[in-house]
Amino acid sequence: MKALVTGASGFVGRHLVEHLLDHGDSVVATDRSTGLDICDAEAVRERFSDERPNVVYHLAGDSDVGGSWNHPRETFRVNAEGTLNVMAAARDIGIERVISIGSADVYGKVEPHDLPLTEQSPLRPTSPYAASKVAADFLALQATLGYGLDVIRVRPFNHIGPGQSERFVAPALAMRIARNEIEGAAVVPVGNLTPKRDLTDVRDVVRAYRLLALDGHPGEVYNVCSGVAVSIDTLAQLLVERATLPMQLEPDPDLMRPVDVPILLGDFTHLREATGWTPSIALEVTLTDLLADCRSRAEAERLRPSI
Ligand code: A2R
């Protein structure tokens, strides 16, 4: 199978490209460094026409949820208009299947009685990022219903693993621990520890994406999640247990954020029934691998000459 991946240089994109290559697919990896700006409709069409892949995995997006409050138009342009460009080009060129990567953030403001979230749960976006992903989700749905394009929509919940940016809580904690190990420090400052999140290893997530490309049903939407909610406290404790020096968590008012969603928990029954997928990597393994990756990053940071 020939696959074209947008957003290939991102956290998920790098894992997806590796997974596809490991499974014998031929891969065209695109991002802005390869000259493909997803907001340039003609460039997207040309690249699809030149490459003629069987499947497009559309991951390119502005994934900065917090930043979207400051630049909502840019977020909307990349996530919604970018998806529109991908759908239009796929239709023009006759791409067999598009896997459109959205986000579970579309469920937004959830109440405990809404849990676990299924694909039928209401969409109540709270951030500009989430609204842009609702728009992208509906553009993808319209491409199926209106143009008959074979599109599969995906709503991944929180995913973690090696290579993730420090904007996210697990790598932020792991980097603090890795730096402490180098400096001999013991305090790990933490923000809110009570929220619970549904976490999946990024390597399981990309496995789900490829299985959906093979066995997903056209026009349908699939949650990708673990079905288990883990508190940030548990996550932090599991990371601290893996430190090579004794460390303790210490609340830091600067890291406290208003928490609008105390618990997020998804249901992946639809995905399992279509593809047989279940998560296979234990959280402990993910965190061990994440910490190893953060140790390399902290060591590289230490060796980098200061300017
Ligand atoms: O061009 P780069 O190096 O910034 O690549 C990023 C790409 N990207 C774009 N590609 C083409 N045209 C654009 N205007 C554009 N803006 C961003 O999207 C990078 O390769 C990717 C985003 O990577 P990350 O921020 O690491 O996101 P992550 O976690 O890999 O998430 C992938 C997808 C996104 O649609 C999320 O919203 C969703 O999964 O959860």
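Remember, it's 1-based here, ligands and their atoms both numbered in the order they're listed.
Under the rule for a side-chain contact (heavy atoms from CB on, under 4.5 Å), the partners of D289 that lie at least two apart in sequence or sit in another chain are P162, R203, V285. Taking the ring-ring contact (aromatic ring centres under 6.0 Å, His included) definition, one finds that Y209 meets it with nothing, sequence neighbours left out.
The protein non-hydrogen atom at the shortest distance from atom 5 (O) of ligand 1 is S9 OG, 3.2 Å. Here the heavy atom of the protein found nearest to atom 33 (C) of ligand 1 is L59 O, 3.2 Å. Nearest protein heavy-atom neighbour of atom 28 (P) of ligand 1: V12 CG2, 3.8 Å. Looking at atom 23 (O) of ligand 1, its nearest protein heavy atom turns out to be G10 CA, 3.3 Å. For atom 37 (O) of ligand 1, the closest non-hydrogen atom of the protein is Y129 OH, 2.6 Å. The protein non-hydrogen atom at the shortest distance from atom 12 (N) of ligand 1 is I38 N, 2.9 Å.
Of all the listed residues (T30, D31, L36), L36 holds the heavy atom that lies closest to atom 11 (C) of ligand 1. In this structure, of G61, G13, G7, the residue bringing a heavy atom nearest to atom 22 (C) of ligand 1 is G61.
Looking at ligand 1, you'll find an N or O of R32 within less than 3.5 Å of one of its N or O atoms. Backbone and side-chain nitrogen or oxygen atoms of C39 are examined, and none is located within less than 3.5 angstrom of a nitrogen or oxygen of ligand 1.
A donor-acceptor contact closer than 3.5 angstrom is absent between the side chains of H270 and T118.
For ligand 1, the atoms sitting less than 4.0 Å from at least one non-hydrogen atom of V78 are 16 (N), numbered in the order shown with element in parentheses. Within the listing of ligand 1, atoms 12 (N), 13 (C), 14 (N) sit less than 4.0 angstrom from a heavy atom of D37.
Using a 4.0 Å cut-off between charged nitrogen and carboxylate oxygen, R155 and D137 count as a salt-bridge pair.
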